[in-house]
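Step one of this worksheet: look at the structure below.
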Amino acid sequence: FRFVSIDIHNQDQPGSTFVRRRFEFVFASPAKDFANAVYQELNDKQLLHLPVKVVACDEGAISRTEEMAQELLHHSQNHLHSLDVVFIKKIRSVAGKVDTAWIDKVEHWTLNPTDSISKSFPLTPSPENPSLEECVILLTDDMLDTCSTASDDTNLVHAHYSRTRYTIFAATHSVLSKGSANLNKIAADLILIGNTLFTDAIFDPGIN
C-alpha cells in the first residue's frame, strides 16, 4: 500500500504514523503550483518589483511556508532574489481556539549565485511600530473552512505591515463547510484554492 497526502498539515504529520507501521507515505506538495500562480498574478498586476512577505500562520505551517518561499526564490521567472519569511506564534488553551497571536520573528532569505539561500534577521515589526515598506503579503494554509482563522491571521499581518499593497491567501483544500461566502471574511485581494475538493466558490455571485 502507498498512502499519499496532498498537503495535510506537514511532511511529518500524518506521515510518521504510516511510516511507523511500515507503510509507504508520500507527501504531495502543491507549493510549485501555487508559486506559479503567485508569479502570474504579480506579473499581471505589475507588482514584481515589490518585496514579498511569506507568512507561516503557526508552527504547523512552517514547513509549508518555507517550501513556498524556496519555490518562489528558485522559480524560473524569479525576479525577487530575496524575500521575508514571517513567523506567527500562537497560544491555544484548547484545540481550535487561539488565545493570543503575534509575529514572533522575521527571516530575510536571499538567493545566492550558487542557488543556496542565506538568511539574516531584520527587526520584527509590531502594531506600535509597523513596517512602512510597501510590500506583497502571501499567507498559506492547508485548509479553508469557516475562514475565521484566515481572517484573523490576515488582519494580524496587516497590523504589522501597514503599507501592504497586495495580499494573497493560498489554501490547498477548500472545505467551506459553512458556505463559500465566508471567503469574504478574508481581507485578501486574491484567494488561491486547490481543486482537491468540490466547491461552488467560483460560481457564487456573493464572492468578491
Does the side chain of Asp115 pick up a donor-acceptor pair with the side chain of His74 at under 3.5 Å?
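Not at all, the side chains of Asp115 and His74 share no donor-acceptor pair under 3.5 Å.
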Does the side chain of Thr146 pick up a donor-acceptor pair with the side chain of Asn182 at under 3.5 Å?
no
Where the side chain of [X] meets the backbone of [Y], is there a donor-acceptor pair that is under 3.5 Å apart?
X: Ser174; Y: Ile193; answer: no
X: Asp141; Y: Ala171; answer: no
X: Asp58; Y: Gly60; answer: yes

Distance from [X] atom [atom1] to [Y] atom [atom2], nearest 0.5 Å?
X: Asp152; Y: Cys147; atom1: CG; atom2: SG; answer: 11.0 Å
X: Thr154; Y: Lys185; atom1: OG1; atom2: NZ; answer: 12.5 Å
X: Asp33; Y: Glu71; atom1: CG; atom2: CD; answer: 9.0 Å
X: Cys135; Y: Arg165; atom1: SG; atom2: CZ; answer: 10.0 Å
X: Leu139; Y: Ile88; atom1: CG; atom2: CD1; answer: 6.5 Å
X: Leu73; Y: His81; atom1: CG; atom2: NE2; answer: 10.0 Å

Looking only at heavy atoms, what is the nearest atom pair of [X] and [Y], with distance?
X: Ile191; Y: Ala188; answer: CG1-CB, 4.2 Å
X: Arg64; Y: Thr140; answer: CD-OG1, 3.7 Å
X: Val175; Y: Met143; answer: CG2-SD, 4.1 Å
X: Leu132; Y: Arg163; answer: O-CD, 2.9 Å
X: Asp84; Y: Lys53; answer: OD2-NZ, 2.7 Å
X: His158; Y: Ala187; answer: CE1-O, 3.1 Å

Side-chain touch [X]/[Y], heavy atoms, less than 4.5 angstrom:
X: Trp102; Y: Ile91; value: yes
X: Trp109; Y: Val54; value: no
X: His108; Y: Phe121; value: no
X: Ile168; Y: Leu42; value: yes
X: Ser120; Y: Glu107; value: no
X: Val85; Y: Lys119; value: no
X: Tyr39; Y: Leu80; value: yes
X: Leu47; Y: Glu41; value: no

Pairing of Lys32 and Glu67 as salt bridge, 4.0 angstrom limit:
no
Does the pair Asp189/Lys45 count as a salt bridge with the N-to-O cut at 4.0 Å?
no
Against Lys90, only a single residue in Asp153, Thr149, Asp104 fulfils side-chain hydrogen bond (donor to acceptor under 3.5 Å, both in side chains); can you say which?
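Only match with Lys90 under side-chain hydrogen bond (donor to acceptor under 3.5 Å, both in side chains): Asp153.
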Determine the sole option in Leu72, Thr65, Leu190 for which the side chain to side chain contact (heavy atoms under 4.5 Å, CB included) test with Leu138 is passed.
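Of Leu72, Thr65, Leu190, side chain to side chain contact (heavy atoms under 4.5 Å, CB included) with Leu138 is met by Leu72 alone.
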